[in-house]
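Throughout, numbering of the chain's residues begins at 1 and tracks the sequence.
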Amino acid sequence: MRPSLKIETWNLLSELGRTKSLAQAAARLNMDLPAASRLVSSLEKELGVEILDRKRKPAQIVTKSLELFPEADRIARQYQRLLKTAESIKHQDTIKPKRILKVSLPANIDRSAYLNAFSNFERKHSGLRVEVLIDAGEDSLLNGAADVAYFGYRPTKEGITWIPAGHNVTFLMASRSYLRRNGTPQSVQELRNHTLLLRNSSNRSFSRRLENRDAVFEIESDEKVHFEDAYSCRTHLIAGEGISVDLVPSFVVDELMRGDIVPVLPGWHRRPWEICVCRRDSDHSPLVSEMADLIVENFKKHTVDSWMFWYRYFSIPLESVVLSAVD
């Protein structure tokens with residue numbers, strides 16, 4: 001049996017169930033009676049079930065076929081809902097936002113809090129759409145590819161206005177499985193004997209510098225260093241393939257809480273990021289300024305609290321972190 005794919009057939013059968021008359025059903029659908037009769041006849045052949053008794057004049061519904069009508073009605077209604085959904089989608093596509101605000105965020109942060117804030121921002125400003133870019137640099141900001149950018153460094157190019165938001169701090173981490181196989185380093189110098197996971201060196205905020213209060217250690221050799229994006233660092237960290245240097249804890253919250261991943265050399269950390277939220281000097285849009293302030297607010301609310309939470313959680317001395325003065 002090959003089910004009918006014509007929605008007109010199911011619409012007709014649905015109306016036939018309501019009116020109990022082929023003529024009335026055809027009239028309601030603006031269909032010629034002969035055409036309606038042919039559709040029913042075709043469906044009878046496909047289903048192998050007699051729907052109309054044509055020996056009677058006018059044709060009457062066969063009692064046994066009454067069970068078909070509720071199903072036909074369900075198909076017809078479902079198709080109408082499908083059409084409404086499709087129309088809604090088309091309508092959305094034809095409505096262009098009055099303004100698109102392009103915001104760049106780093107790859108190495110938990111973006112969930114920011115995305116929620118952006119959704120609320122869109123609802124507050126009718127006709128606005130916020131598009132999120134990842135790790136757009138100063139050139140992208142200056143050429144208009146981004147309107148607002150969250151940088152983990154202080155911009156150096158002319159034409160950029162920046163708001164100091166504060167600092168972000170990480171700590172060295174490794175899985176227990178990695179430490180069982182390779183041993184736990186007891187001094188920062190012993191890191192030379194371990195595989196280290198770092199963000200890509202092409203990233204503007206890249207640093208090889210580790211700090212612990214006033215002490216400094218530079219990661220010099222690339223021989224045992226894997227340079228990767230944040231998600232690759234996370235994957236290899238969880239797999240027990242190295243010690244993470246600059247991955248933010250929010251990427252491995254569950255693993256940290258379970259104790260699968262633990263701090264290494266507590267107190268030693270990658271040089272803190274100086275967070276700056278930037279826009280073009282020439283862009284005086286109130287929306288851009290409001291978005292920049294929103295990002296700063298969310299950074300102070302979520303990121304600063306986050307790194308301090310983990311330091312306290314693992315009893316890592318906050319005094320081991322020396323933050324530079326922010327202008």
Side-chain angles (χ1 to χ4, degrees), residues 97 99-115 117-118 121-122 128-170 197-211 218-219 222 225 227-233 245-248 250-251 269-304 306-307 323-327:
R99 174 76 192 267
I100 297 176
L101 198 59
K102 292 164 288 188
V103 179
S104 173
L105 295 176
N108 191 35
I109 64 168
D110 180 2
R111 294 187 287 276
S112 56
Y114 294 92
L115 297 180
F118 295 166
F121 194 81
E122 288 176 330
L128 175 72
R129 187 170 75 219
V130 178
E131 291 186 355
V132 177
L133 314 175
I134 302 300
D135 276 337
E138 294 176 59
D139 289 336
S140 296
L141 187 62
L142 289 169
N143 66 27
D147 299 305
V148 183
Y150 169 137
F151 292 153
Y153 55 91
R154 188 178 300 195
T156 57
K157 295 195 174 183
E158 294 184 0
I160 296 177
T161 295
W162 55 277
I163 305 171
H167 295 83
N168 195 8
V169 186
T170 56
L197 309 174
L198 271 75
R199 291 285 310 282
N200 287 323
S201 57
S202 59
N203 189 284
R204 176 71 168 75
S205 62
F206 174 78
S207 177
R208 297 173 179 269
R209 182 186 177 102
L210 302 182
E211 299 178 353
E218 292 284 342
I219 300 172
D222 290 350
V225 177
F227 298 103
E228 304 171 317
D229 60 40
Y231 288 94
S232 296
C233 283
V245 173
D246 52 6
L247 186 70
V248 294
S250 58
F251 273 67
H269 54 272
R270 180 247 194 229
R271 184 181 65 183
W273 287 265
E274 182 179 2
I275 306 303
C276 299
V277 179
C278 308
R279 61 177 176 81
R280 290 182 297 280
D281 286 344
S282 58
D283 193 339
H284 303 292
S285 165
L287 279 176
V288 169
S289 296
E290 187 179 350
M291 172 58 75
D293 290 340
L294 178 67
I295 295 173
V296 171
E297 177 188 341
N298 272 268
F299 172 81
K300 292 180 176 178
K301 181 179 179 181
H302 297 286
T303 307
V304 174
S306 177
W307 79 257
L323 301 177
S324 60
V326 178
D327 296 340

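- For the atom pair SG of Cys276 and CH2 of Trp162, the computed distance is 4.5 Å after rounding to the nearest 0.5 Å.
- Surrounding CD of Glu218 are more than 12 heavy atoms belonging to other residues, nucleotides or ligands, all under 6.0 Å away.
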_Run the side-chain hydrogen bond (donor to acceptor under 3.5 Å, both in side chains) test on Ser324 and His167 for me, step by step, so that the C-alpha distance in whole Å, both residues' side-chain angles and the decisive distance to 0.1 Å come before the verdict._
CA-CA 9 Å; Ser324 60; His167 295 83; 3.2 Å; yes

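- A ring-centre distance under 6.0 Å is found for Tyr231 and Phe251.
- With hydrogens and angles ignored, the 3.5 Å screen pairs no side-chain donor or acceptor of Glu131 with any backbone N or O of Ile100.
- Side-chain contact between Ile295 and Phe118 is present, with heavy atoms from C-beta onward closer than 4.5 Å.
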_Run Arg99 and Ser285 through side-chain contact (heavy atoms from CB on, under 4.5 Å) and show every step you take._
CA-CA 11 Å; Arg99 174 76 192 267; Ser285 165; 3.4 Å; yes

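- Rounding to the nearest 0.5 angstrom, the gap separating the CE atom in Met291 from the CG atom in Leu101 is 5.0 Å.
- Panel note: side chain Arg199, backbone Ala107; no donor-acceptor pair is recorded below 3.5 Å.
- A salt bridge does not link Arg208 with Asp246: none of the charged nitrogens is closer than 4.0 Å to a carboxylate oxygen.
- Checked by atom type and distance alone, the side chain of Arg280 pairs as donor or acceptor with a backbone atom of Leu141 at under 3.5 Å.
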_Chi angles and distances behind the side-chain hydrogen bond (donor to acceptor under 3.5 Å, both in side chains) call for Asp281, Thr161_ = CA-CA 5 Å; Asp281 286 344; Thr161 295; 2.2 Å; yes

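- Between Tyr153 and Phe151, the two ring planes are parallel [angle under 30°; tilted spans 30° to 60°].
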*asked:* One pair to check against side-chain contact (heavy atoms from CB on, under 4.5 Å): Val132 and Tyr114. What are the steps and the verdict?
replied: CA-CA 10 Å; Val132 177; Tyr114 294 92; over 6 Å; no

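- When every heavy atom of Gly152 is checked against every heavy atom of Trp273, the shortest pair comes out as O-CD1, 3.5 Å.
- Under a 4.0 Å N-O distance rule, the pair Glu274/Arg154 qualifies as a salt bridge.
- Of all the heavy atoms in Val277 and Ala165, the pair that sits closest is CG2-CB, 4.4 Å.
- Counting only distance, with no hydrogens or angles, the side chain of Arg279 and the backbone of Asp283 share a donor-acceptor pair below 3.5 Å.
- Residues Cys233 and Leu197 share a closest heavy-atom pair of O-CD1, 3.7 Å.
- We find the OG-CZ distance between Ser205 and Arg270 to be 5.5 Å, quoted to the nearest 0.5 Å.
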